[in-house]
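Please read the structure below before turning to the comments.
All residue numbers refer to positions in the sequence shown, counting from 1.
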Amino acid sequence: MSDSVADSSKPDAEVPAPSPPSKPDAAAGAPAPRPPTAPEKEMAIALSQDPDENPNPDADSDPSWFTPKRLLVIFCIINMLNYVDRGAIASNGVNGSRRTCTESGTCTSGSGIQGDFNLNNFEDGVLSSAFMVGLLVASPIFATLAKSHNPFRLVGVGLLIWTIAAAGCGCSFDFWSITICRMLVGVGEASFISLAAPFIDDHAPVAQKTAWLGVFYMCIPTGIAVGYVYGGLVGSHLHWRAAFWGEAILMLPFAILGFIIRPLKLKGFTSSESKKANDVGEVIAQEVQGGAGEQIIKRETSAGNEDLSDKASQRSNNSQKIQVQLARFWKDMKVLLLDKVYVVNVLGYIAYNFVIGAYSYWGPKAGYDIYHMSNADLTFGGVTIICGIFGTLAGGYILDWMNSTISNAFKLLSGATFLGAAFCFGAFCFKSLYGFLALFSVGELLVFATQGPVNYVCLHCVKPSLRPLSMAMSTVSIHIFGDVPSSPLVGLLQDYVQNWRESALILTSVLFIAAVIWCIGIFLHSVDRFNEESEHGIPPVERSNRRPLLDGNNETLEESA
């Protein structure tokens with residue numbers, strides 16, 4: 001193998017066919033080591049790349065099967081399945097009711113999860129929020145990995161974990177087993193929640209970006225509503241376990257799709273670049289180590305020592321990679337935490353999600369208790385799906401009509417939330433079921449109009465390369481401070497006051513706080529950073545050319561070395 005080292009000193013035209021870098025033999029008279037030349041570095045870069053990774057970023061500009069609308073439809077279905085799961089576990093058909101005993105000692109068996117595992121309201125609330133634990137831990141991890149791994153493949157990994165965990169919920173045997181499976185559901189959802197919105201924002205038409213986001217986030221209330229109905233029907237006619245197995249079957253094709261379809265890349269940064277930079281360093285380091293290794297091998301011929309040296313070098317490289325990832329994560333986090341627009345937007349979103357999370361989980365139970373709804377799952381499901389669709393779409397289209405700016409987004413967020421809170425508060429004051437449904441429907445219509453604008457601010461107040469982390473930390477924040485504590489806290493409140501109407505009024509009041517926080521954002525200096533240069537120095541594509549990855553646009557993206 002010493003011949004290969006000797007050959008490396010020849011002119012470029014005589015460089016042999018590419019082969020993996022290897023260490024020279026300890027042959028006597030081997031040439032002295034020297035630094036690699038520029039052509040050799042270029043060859044090393046080419047050799048170090050994954051064969052599946054095309055070094056030309058434009059090579060992914062026609063990924064065979066995808067179109068922008070097809071991507072939106074697929075992501076909407078996946079998002080809906082995520083929230084069907086949340087609606088199903090909150091439905092009376094799946095969640096069920098506790099075992100009850102009368103003063104005379106007559107006891108009736110409970111139904112669903114709560115009845116089978118004999119859960120009190122607090123434990124039941126914890127169960128609804130358990131998946132958030134996995135979501136909170138995994139979201140920033142997936143967002144950081146997106147800079148060194150293809151985001152589309154990360155989505156596939158997450159969906160596979162989700163599918164397995166959902167099936168595990170159907171096989172659970174006690175409170176702790178289903179709680180652990182719910183946590184894993186959150187881990188699987190984390191990659192999709194962090195990365196889907198940036199993909200959509202990349203490929204949406206310029207004049208309809210918020211509308212497309214509205215369509216995507218419309219699947220949240222729609223999925224919850226469908227989950228109510230789905231859980232109620234499957235739970236009552238089959239078994240609550242069958243509802244989770246059905247979800248897993250529906251998600252499995254999309255998990256497989258994430259692995260077999262040619263992957264897409266996010267704009268603003270190219271996932272292969274970080275990998276390329278690491279590979280270049282590793283290849284050059286290997287060449288330099290190989291030259292120095294000749295002198296060592298001349299003095300020591302033990303193969304065991306060489307293996308130990310290789311392992312130590314590999315451990316050192318892995319440690320350095322982890323340190324680089326952590327340093328990059330902390331640097332990006334400081335940028336987000338110092339951005340007043342981002343912080344105010346997320347604080348308002350936290351207060352908003354505190355209410356929406358508790359509504360989605362306790363709504364059917366509260367409706368059954370206050371208004372004696374015979375079909376609370378279907379009623380709440382119907383109201384939520386209609387208001388969710390029209391409200392979320394309306395919010396996106398209205399912001400596009402107003403001119404999509406961060407300041408206008410805050411105006412829409414504050415106004416719609418305040419009016420929605422007023423209508424919802426008034427609805428729970430009505431004793432008539434029909435009066436409640438009329439006011440509550442208007443309130444939900446206004447409240448759901450915030451979904452497109454709030455995520456538009458998260459995506460456009462930061463530079464493109466920070467969008468996955470921006471979405472991840474927004475998701476982490478609204479859950480860890482919003483709907484994670486809201487469900488068990490409302491359960492504790494209800495256990496204390498024993499009055500669902502009073503509990504609902506107290507909960508709804510938090511929406512007024514969200515409106516006030518978003519109102520502050522109107523007066524902050526805001527800049528749309530959508531077109532800012534990425535951290536890798538790649539000039540972002542102009543808005544008129546935002547779909548080169550999907551519709552065959554072969555215009556070359558200029559990259560700096």
Inter-residue atom distance [X].[atom1] - [Y].[atom2], 0.5 Å rounding:
X      : Y      : atom1 : atom2 : answer
Leu159 : Leu257 : CG    : CG    : 9.5 Å
Phe448 : Leu393 : CZ    : CG    : 12.5 Å
Leu252 : Glu247 : CG    : CD    : 13.5 Å
Cys458 : Leu213 : SG    : CG    : 10.5 Å
Ile522 : Ser414 : CD1   : OG    : 5.0 Å
Leu71  : Phe216 : CG    : CZ    : 9.5 Å

Less than 4.5 Å apart, any side-chain heavy atom of [X] and any of [Y]?
X      : Y      : answer
Phe354 : Leu489 : yes
Val344 : Leu524 : yes
Ile161 : Val157 : yes
Val462 : Arg467 : yes
Cys76  : Val215 : yes
Phe440 : Tyr359 : yes
Leu412 : Thr450 : no
Val187 : Leu135 : no

task: Consider only side-chain N and O atoms of Trp162 and Asn82, and report whether a donor and an acceptor are under 3.5 Å apart.
output: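 Judged by distance alone, the side chains do pair up.
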
- request: Say whether Asp528 and Tyr456, considering side chains only, have a donor N or O and an acceptor N or O under 3.5 Å apart.
  value: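 Side chains of Asp528 and Tyr456: pair found under 3.5 Å.
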
message: Tell me whether the rings of Tyr349 and Trp518 are parallel (<30°), tilted (30 to 60°) or perpendicular (>60°).
response: tilted

query: Do the ring planes of Phe75 and Phe199 sit parallel (below 30°), tilted (30 to 60°) or perpendicular (above 60°)?
result: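 Phe75 and Phe199: perpendicular rings.
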
Worked verdict on Val343 versus Lys340 for side-chain contact (heavy atoms from CB on, under 4.5 Å): CA-CA 5 Å; Val343 171; Lys340 294 180 181 179; 5.7 Å; no

- request: Applying side chain to side chain contact (heavy atoms under 4.5 Å, CB included) between Met473 and each of Leu466, Ile478, Leu336, Asp332, report the one that passes.
  value: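 Single side chain to side chain contact (heavy atoms under 4.5 Å, CB included) partner of Met473 among Leu466, Ile478, Leu336, Asp332: Leu336.
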
Might you point out which heavy atoms bring [X] and [Y] nearest each other, and give the distance in Å?
X      : Y      : answer
Pro485 : Gly482 : CD-O, 3.1 Å
Pro453 : Gly395 : CG-O, 4.0 Å
Tyr397 : Ala211 : CE2-CB, 3.7 Å
Leu469 : Tyr342 : O-OH, 4.4 Å
Val527 : Ile406 : O-CD1, 3.6 Å
Ala130 : Arg182 : CB-CB, 3.8 Å

Would the distance check show the side chain of [X] and the main-chain N or O of [Y] forming a donor-acceptor pair, the cut-off being under 3.5 Å?
X      : Y      : result
Thr508 : Ala504 : yes
Thr392 : Ile389 : no
Asn455 : Gln451 : yes
Asn408 : Met402 : yes
Ser191 : Leu154 : yes

query: Between Phe259 and Phe254, is the ring centre distance below 6.0 Å?
result: no

For residues 417-429, run the donor-acceptor check on the side chains, cut-off 3.5 Å, and write out each pair with its distance to 0.1 Å, sequence neighbours left out.
residue	atom	partner	partner atom	Å
Thr417	OG1	Leu413	O	2.6

